[in-house]
Amino acid sequence: CTSVVAEDDEGNLFHARNLDFGIFMGWDVKNKSWIISEKLKPLVINLNFKRNNQTLFKSTNFAGYVGLLTGVKPNLFTLTMNERFNLDGGFVGILEWIFGKRDGMWMGFLMRSVLENANSYKEAQTLLVQTKLLAPAYFILGGNQTGQGCIITRSRLHSIDVLELDLKLGRWYVLETNYDHWNEPLFLDDRRTSAMKCMNQTTQTNITPKTMYDVLSTKPVLNKLTVYTTLMQVSGGKLESFIRDCPNPCMPW
Amino acid sequence: STQFIPPYTEECRTEMYPPAGPTFRSAVSWYTVDLDSPPSDRWTALITDKKNDLLVVIKAIRDFANALVPSGRLVELVDISLPLMVETLPKPYGEEIKAIAAVAGLPLGEVVLYNIFYEVFTV
């Protein structure tokens with residue numbers, strides 16, 4: 001996955017993501033594609049969650065999945081998550097759950113709960129930082145005011161790091177793939193360098209959801225695992241998503 | 001020239017929006033989930049619509065599990081043990097998952113697995 005929160009010159013916040021899923025779950029040699037990634041594509045939907053006949057939040061989902069991976073609470077915050085691989089991973093959390101230790105939260109359910117219940121960027125951030133999880137993850141959160149955007153690096157039990165936008169330092173965007181931001185990505189899977197190069201080339205002045213779509217359309221940021229691209233703008237709660245293909249030649253991940 | 005050598009890194013793309021061409025398969029349709037309706041009803045219309053696509057994915061996951069453990073024991077374990085787990089999931093998610101399995105006509109354990117795939121997959 002690749003998620004980005006960016007702020008333009010006028011303080012508008014944009015949030016975009018590629019959802020990549022299905023690695024090592026069967027390769028279709030004939031079509032040069034991942035089997036599960038391809039089969040998930042028809043299940044991609046946008047959801048409008050309503051309460052009292054009003055939109056509470058919106059999301060891009062897979063039909064049949066009741067948790068959330070990508071969503072916006074209109075005018076308040078935007079939220080995505082990226083997978084974080086760690087030895088102390090979901091297996092331990094699931095075992096604990098089975099044996100009755102159930103103080104951790106399932107990731108997709110936490111995402112939905114945050115979009116449902118948090119009413120500000122700060123409130124959402126606190127929940128994402130403090131709630132115990134069953135598996136490690138990266139949460140990418142965008143707010144509705146200048147400087148409100150961050151990557152929360154989570155282990156199962158606690159927050160390891162929060163990297164925030166910092167305009168004074170020239171950090172007008174935060175970008176996460178699937179590696180801790182303070183470490184180099186695996187050389188075989190370096191989507192970060194390409195994505196950052198394109199973000200820097202775009203410049204803060206020209207950043208918009210459209211130019212973020214350009215960044216997320218550049219290989220290898222776009223790859224054979226990419227199922228969908230979602231573009232979000234907190235102001236007005238805009239969310240649009242597109243099912244993607246990566247024509248050959250294209251990296252499998 | 002680098003775009004023909006792995007990792008096929010391209011020059012930064014421009015003018016890709018509005019989406020079209022070979023990197024764009026289709027737009028995504030919208031559905032409404034009414035949180036005021038009971039958890040057992042919220043997903044009915046959507047699942048009725050997407051039932052066949054969901055069956056295809058669940059079958060693919062089952063095939064993958066059977067490829068990993070050819071005896072079929074893994075799928076058996078999922079079908080027997082994960083339905084027990086649904087009762088332990090926080091509200092309203094367990095109820096929603098049960099309703100989805102019923103509407104789609106799928107084994108409950110396999111729908112539970114689909115919904116906790118992130119935790120399973122980080123293994």
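In what follows, every chain begins at residue 1, and chains take the letters A, B, ... in the order their sequences are listed. Being a predicted model, the structure only gives us computed values, none of them experimental.
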Task: Residue part contacting chain A, namely of B:Leu89, when any heavy atom lies under 4.5 Å - done: both

TODO: Heavy atoms only, distances under 4.5 angstrom: which of A:Met105, A:Arg112, A:Met81 has the most pairs with chain B? Name it, please.
DONE: A:Arg112

Task: Contacting moiety of A:Leu239, where chain B heavy atoms sit under 4.5 Å - done: both

- [ ] Determine the option with the most heavy-atom pairs under 4.5 angstrom with chain B, choosing from A:Val44, A:Asn52, A:Thr193.
- [x] A:Asn52

Open item on the list: What part of B:Pro92 gets within 4.5 angstrom of chain A, counting heavy atoms only: side chain, backbone, both, or neither?
Closed with: side chain

Task: Part of B:Phe64 within contact of chain A (heavy atom distance under 4.5 Å) - done: side chain

Open item on the list: Under 6.0 Å between ring centres: does that hold for A:Phe62 and B:Tyr114?
Closed with: no

- [ ] Give the member of A:Leu69, A:Leu40, A:Asn61, A:Asn223 that has the highest number of heavy-atom pairs under 4.5 Å with chain B.
- [x] A:Leu40

Task: A:Trp34 ring center near A:Trp253 ring center (under 6.0 Å) - done: no

Open item on the list: Heavy-atom cut-off 4.5 Å, strictly under: side chain, backbone, both or neither for A:Leu188 against chain B?
Closed with: neither

Open item on the list: Check this for me, if you would: do A:Glu176 and A:Arg17 make a salt bridge, where the nitrogen-to-carboxylate-oxygen distance has to be below 4.0 angstrom?
Closed with: no

Task: Residue A:Ser113 versus chain B: region with a heavy atom under 4.5 Å - done: both

Open item on the list: Nearest 0.5 Å, please: how far is CE in A:Met232 from OG in A:Ser59?
Closed with: 10.0 Å

Task: B:Leu113 side, atom CG; B:Arg62 side, atom CZ - distance, nearest 0.5 Å - done: 11.0 Å

TODO: Could you tell me which portion of B:Leu68 (side chain, backbone, both or neither) has an atom closer than 4.5 angstrom to a non-hydrogen atom of chain A?
DONE: neither

- [ ] Could you tell me whether the side chain of A:Asn18 and the main chain of A:Val221 form a donor-acceptor pair under 3.5 Å?
- [x] yes

TODO: Taking only Lys NZ, Arg NE, NH1 and NH2, and the carboxylate oxygens of Asp or Glu, determine whether B:Asp34 and B:Arg42 approach each other closer than 4.0 Å.
DONE: no

- [ ] Identify which part of A:Ala137 has an atom lying under 4.5 Å from any heavy atom of chain B, answering side chain, backbone, both or neither.
- [x] both

Open item on the list: For the interface with chain B, which of A:Lys58, A:Met25, A:Lys39 has the highest count of heavy-atom pairs at distances below 4.5 Å?
Closed with: A:Met25

- [ ] Between chain A and each of B:Leu46, B:Leu35, B:Ile58, count heavy-atom pairs under 4.5 Å; write down the option with the most.
- [x] B:Leu35

- [ ] Hey, could you give me the CG/CD distance between B:Asp36 and A:Gln54, rounded to the nearest 0.5 Å?
- [x] 10.5 Å

Task: Heavy-atom pairs under 4.5 Å with chain A, option from B:Ser29, B:Ser81, B:Ala101, B:Pro90 with the top count - done: B:Ser29

TODO: Check for a donor-acceptor pair, side chain of A:Thr208 on one end and backbone N or O of A:Lys210 on the other, with a separation under 3.5 Å.
DONE: yes

Open item on the list: Is it true that, when you exclude A:Lys32 itself, more than 12 heavy atoms of the residues, nucleotides or ligands shown sit nearer than 6.0 Å to its NZ?
Closed with: no

- [ ] Let me know if A:Leu222 has heavy atoms under 4.5 Å from chain B in its side chain, its backbone, both or neither.
- [x] side chain

TODO: Go through the side-chain N and O atoms of B:Tyr31 and B:Asp49 and say whether any donor and acceptor fall under 3.5 Å apart.
DONE: yes

Open item on the list: Is A:Leu216 close to chain B through its backbone or its side chain, or both, or neither, when contacts mean heavy atoms under 4.5 Å?
Closed with: neither

Task: Largest heavy-atom contact set with chain B, pairs under 4.5 Å, which of A:Gly93, A:Ala63, A:Cys246, A:Gly26 - done: A:Ala63

Task: Greatest number of heavy atom pairs closer than 4.5 Å to chain B - which of A:Gln201, A:Arg84, A:Arg102 - done: A:Arg102

Open item on the list: I'd like to know if A:Asp189 pairs up with A:Arg191 as an ion pair, taking the criterion as any Lys NZ or Arg NE/NH1/NH2 lying under 4.0 Å from an Asp or Glu carboxylate oxygen.
Closed with: yes

TODO: Counting only heavy atoms closer than 4.5 Å, note whether B:Trp43 contacts chain A via side chain, backbone, both or neither.
DONE: side chain

Task: Partner of A:Trp97 by ring pair (Phe, Tyr, Trp, His ring centres under 6.0 Å), out of A:Phe109, A:Phe91, A:Trp106 - done: A:Trp106

Task: Engaged part of B:Ile47 at the chain A interface, taking heavy atoms whose separation is under 4.5 Å - done: side chain

- [ ] Heavy atoms only, distances under 4.5 angstrom: which of B:Val56, B:Thr23, B:Val57 has the most pairs with chain A? Name it, please.
- [x] B:Thr23

- [ ] Return the option, out of B:Phe24, B:Phe117, B:Tyr93, with the maximum number of heavy-atom pairs under 4.5 Å with chain A.
- [x] B:Tyr93

Task: Region of A:Leu47 in contact with chain B, defined by heavy-atom distances below 4.5 Å - done: both

TODO: Under 4.5 Å heavy-atom distance to chain B, tell me which part of A:Ile23 shows up: side chain, backbone, both or neither.
DONE: both

Task: CG on A:Leu79 to OG1 on A:Thr70, rounded to 0.5 Å - done: 8.5 Å

Open item on the list: Please classify the contact of A:Phe187 with chain B as side chain, backbone, both or neither, using a heavy-atom distance under 4.5 Å.
Closed with: neither

Open item on the list: One thing to verify: whether A:Arg192 and A:Glu184 come together as a salt bridge, which I'm taking to mean a side-chain N less than 4.0 angstrom from a carboxylate O.
Closed with: no

